[in-house]
Amino acid sequence: MAPTKLHVLDCGAMSCDLTWLLLKPGRSIRTRQDKQRPVEWYDCTTHAVLVETPEGRLLWDTSCPRDWETRWEPTGLQDFFPYDQVDEQQYLDTRLQQLGVGPGDLDYVVASHLHFDHAGNIKDFAKGGAKLICNDKEKEFAFGFDGLFTGAHLKTDYEGLEFETVSGDTELLPGVTLIEAPGHTPGQMAMKVDLPQTGSMIFTSDAVYMGDSYGPRTVAAAIVNDLTAFYSSVEKIRGIAEKSDATVVFGHDSAQLRSMKLAPDAYYS
Ligand SMILES: [Zn+2]
């Protein structure tokens, strides 16, 4: 049976230098004529997606934590990506409450990848009985490095959790497919949801940050684990999107997110 409802949860925004997301000459990288022009700061929106299906309820990503300022302190991320554009209504736990969903009401919590701004609340769901899912290459990398933190992986977010892993493209539930899209991280995934009314939607997470990254032609970002893999994953997603006539929803595109049907007022079906 196909998914019945898809809720997009707007969890507010971090603030950051646009250069992190978009290495674009003339936009985020300055020419000498623009030496004096100030750095462009960007509303780096963060969202989660709740998918309701007859076979179970799935949460895609868990956004940033309420205690970001202290949790991120050992990393410096709190200064580069302050999660400072969020109100009480936008924190993930409140967003789920607005839909009448508690941590124990989920069957699957899928991490697109385990970066600090996607796995920030995943520990909240471990006790509720939901299966925690990530890609096998993501798990290997995220648990495999020395120390507390590397790049944008912070072990505090996910250490001690038991993940079930998927590998390759996987139809996790009827109409819900996890697409392996490495490059940003070794086990980055996108999610395709096939809805009866809306048609297909693809949530790219950080495989594609913004419409401006998608192009064509594709614009790279500052945080990329493997640039060649990153480019081929973007083309893989583009191919699937064209074939399925899907709406592509980018990981951190504030203008796009704010133009969507958002929970709790509206949903896709
Ligand atoms: Zn990321």
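Read the numbers this way: they start at 1 and go in the same order the structure lists the ligands and their atoms. Only a predicted model underlies this, so the values are computations on that prediction, with no experimental measurement involved. Side-chain atoms are counted along with the backbone in the values below, which use heavy atoms only and exclude waters and symmetry mates.
- Between Glu40 and Arg27 there is a salt bridge, since a side-chain N of the basic residue sits under 4.0 Å from a carboxylate O of the acidic one.
- A salt bridge between Lys236 and Asp169 is present, with a side-chain N of the basic residue lying under 4.0 Å from a carboxylate O of the acidic one.
- If you run side-chain hydrogen bond (donor to acceptor under 3.5 Å, both in side chains) between His118 and each of Asp206, Thr46, Thr62, only Asp206 comes through.
- Nearest N/O/S atom of His115 relative to the Zn ion (ligand 1): this is ND1.
- Here Val8 pairs with Leu6, Phe203, Leu257, Met260, Leu262, Tyr268 under the side-chain contact (heavy atoms from CB on, under 4.5 Å) rule; sequence neighbours left out.
- An angle of 90° is found at the Zn ion (ligand 1) between His184 atom NE2 and Asp206 atom OD2, rounded to 10°.
- Nearest to the Zn ion (ligand 1), among the N, O or S atoms that His113 has, is NE2.
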